[in-house]
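These notes are about the structure you will find just below.
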Amino acid sequence: MYQDERREGDSTGMCCDKNIPLLFLMHQVFHMNVQYIIHLIEPLKIKPGHAGILLFLRKAGPLSQREIADHIGVKPPSVTVAIQKLEKLEYVERRPDKKDQRIVNIQITEKGMECTEKLMTIADQADAVLFKDMSVEEKLLLRRLMLQMRENLFSVKEINLKELMETCPHMDQTEKGYVKTRRKDRC
């Protein structure tokens with residue numbers, strides 16, 4: 001940040017709004033939002049990735065670690081570490097599969113269900129902060145603009161981003177909408 005771009009008397013050191021490149025502003029807002037969410041979930045003693053696993057298990061029911069890894073797009077060893085952490089917190093438990101005793105499924109516990117309730121409240125709280133003082137029309141316009149930006153990136157000729165995103169497990173298969181930003185090598 002350049003000294004001469006700071007607002008006079010602004011203790012935050014943030015650049016004057018008119019001088020911030022839009023791409024930088026978008027990055028800043030998304031980064032601040034992630035940090036805010038991390039702050040909000042801190043009392044639950046979990047990270048955003050753990051929250052994703054819990055919310056997925058709540059929706060999908062008991063699954064093997066491999067199925068969880070495949071769905072969330074991470075390597076099985078990463079899921080193992082996350083599951084161990086969630087087990088220590090008593091948010092999940094391992095249970096033998098009813099049909100195949102060789103398979104161990106991960107199942108959300110009652111305490112884990114309570115945690116997901118808190119996570120959904122936190123998500124609502126984060127949305128309320130992020131979209132405060134925005135009308136429904138403004139939110140719809142923002143959505144349209146974000147979709148347009150995504151489409152613009154998909155149209156880049158040098159790399160087929162659309163094809164890369166279609167192989168990503170975070171792609172919403174019903175509308176082919178990208179749900180969560182991830183690098184290709186992590187999907």
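No experiment lies behind these values; they were computed from the predicted model shown. Residue numbers start at 1 and run along the sequence shown.
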**Q.** Pairs flagged by salt bridge (Lys or Arg N to Asp or Glu O under 4.0 Å) wherever residues 95-106 is involved - sequence neighbours left out
**A.**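 Pairs touching residues 95-106 that pass the test: Glu93-Arg95, Asp100-Arg102.
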Q) salt bridge (Lys or Arg N to Asp or Glu O under 4.0 Å): which pairs involve residues 40-60, sequence neighbours left out? A)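 Output for this query lists Arg58-Glu117.
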Which pair of heavy atoms, one from [X] and one from [Y], lies closest together, and at what distance?
X     : Y      : answer
Pro43 : Leu40  : CD-O, 3.3 Å
Ile37 : Ala126 : CG1-CB, 3.9 Å
Pro62 : Gln107 : CG-OE1, 3.8 Å
Lys75 : Ala69  : C-CB, 4.3 Å
Val79 : Ile72  : CG2-CD1, 4.2 Å

(Q) So, using salt bridge (charged side-chain N to carboxylate O under 4.0 Å, His left out) as the criterion, who are the partners of Arg144 when residues are at least two apart? (A)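 Here no residue qualifies.
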**Q.** Non-neighbouring partners of Glu67 that pass salt bridge (charged side-chain N to carboxylate O under 4.0 Å, His left out), sequence neighbours left out
**A.**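 Partners of Glu67 under the salt bridge (charged side-chain N to carboxylate O under 4.0 Å, His left out) test: none.
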Listed partners of [X] passing side chain to side chain donor-acceptor pair (under 3.5 Å), at least two apart:
X      : answer
Asn152 : Gln148
Thr121 : none
Glu90  : none

(Q) Restricting to side chain to side chain contact (heavy atoms under 4.5 Å, CB included), what partner residues turn up for Pro96, sequence neighbours left out? (A)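 Testing Pro96 for side chain to side chain contact (heavy atoms under 4.5 Å, CB included), a comparison that skips the adjacent residues, returns Gln101.
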Q) Residues two or more places apart in sequence or in another chain: which of them pass side chain to side chain contact (heavy atoms under 4.5 Å, CB included) with Ala60? A)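 Residues passing side chain to side chain contact (heavy atoms under 4.5 Å, CB included) with Ala60: Phe56, Leu63.
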Q: Would you indicate whether Arg66, at its atom CZ, is surrounded by more than 12 heavy atoms from other residues, nucleotides or ligands within a distance under 6.0 Å?
A: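 Not buried by this count: 12 neighbours or fewer within 6.0 Å.
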Atom pair [atom1]/[atom2] of [X] and [Y] - distance to nearest 0.5 Å:
X      : Y      : atom1 : atom2 : result
Cys115 : Met120 : SG    : CE    : 10.0 Å
Ile122 : Thr116 : CD1   : OG1   : 11.0 Å
Ile83  : Leu57  : CD1   : CG    : 6.0 Å

Cluster overlap [X] with [Y], hydrophobic side-chain contacts below 4.5 Å:
X     : Y      : result
Ile41 : Val129 : yes
Leu89 : Val81  : no
Ile46 : Met113 : yes

Within the 4.5 Å heavy-atom criterion, are [X] and [Y] side-chain neighbours or not?
X      : Y      : value
Ile53  : Val92  : no
Met146 : Met149 : yes
Ile106 : Glu87  : no
Val74  : Ile68  : no
Gln35  : Ile38  : yes

Q.
Could you walk me through whether Leu142 and Phe131 satisfy the side chain to side chain contact (heavy atoms under 4.5 Å, CB included) test, starting with their C-alpha distance in whole Å, then the side-chain angles of each, then the deciding distance to 0.1 Å, before giving a yes or no?
A. CA-CA 10 Å; Leu142 177 61; Phe131 300 112; 3.9 Å; yes
(Q) Once you measure the plane-to-plane angle for Phe24 and His27, does it fall in the parallel (<30°), tilted (30-60°) or perpendicular (>60°) bin? (A)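 Answer is tilted, since the angle falls between 30° and 60°.
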Q: Report the C-alpha distance between Gln28 and Ile20 in whole Å, list the side-chain angles of each, state the deciding distance to 0.1 Å, and finish with yes or no for side chain to side chain contact (heavy atoms under 4.5 Å, CB included).
A: CA-CA 10 Å; Gln28 189 179 56; Ile20 299 175; 4.3 Å; yes
Q: Applying side chain to side chain contact (heavy atoms under 4.5 Å, CB included), run through Leu86 and Ile108 and close with a yes or a no.
A: CA-CA 9 Å; Leu86 293 171; Ile108 193 166; over 6 Å; no
Show me the donor-acceptor pairs within less than 3.5 Å that the side chains of residues 134-141 make with the rest of the protein, sequence neighbours left out.
residue, atom, partner, partner atom, Å
Ser135, OG, Glu137, N, 3.4
Ser135, OG, Glu137, OE1, 3.4
Ser135, OG, Glu138, N, 3.0
Ser135, OG, Glu138, OE1, 3.4
Glu138, OE1, Ser135, N, 2.7

Q | Co-members of Leu23 in a cluster of I, L, V, M, F, W and Y side chains, linked at under 4.5 Å | A |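 Joined to Leu23, directly or through intermediates: none.
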Q) What residues join Ile103 in its hydrophobic cluster, counting side-chain heavy atom gaps under 4.5 Å, either direct or through other members? A)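 Once heavy-atom contacts under 4.5 Å are chained together, Ile103 still belongs with nothing else.
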Q: Using modelled atom types only, decide if a donor and an acceptor are shared between the side chain of Thr109 and the backbone of Gly112 within a distance under 3.5 Å.
A: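 Looks like yes, one N/O pair under 3.5 Å.
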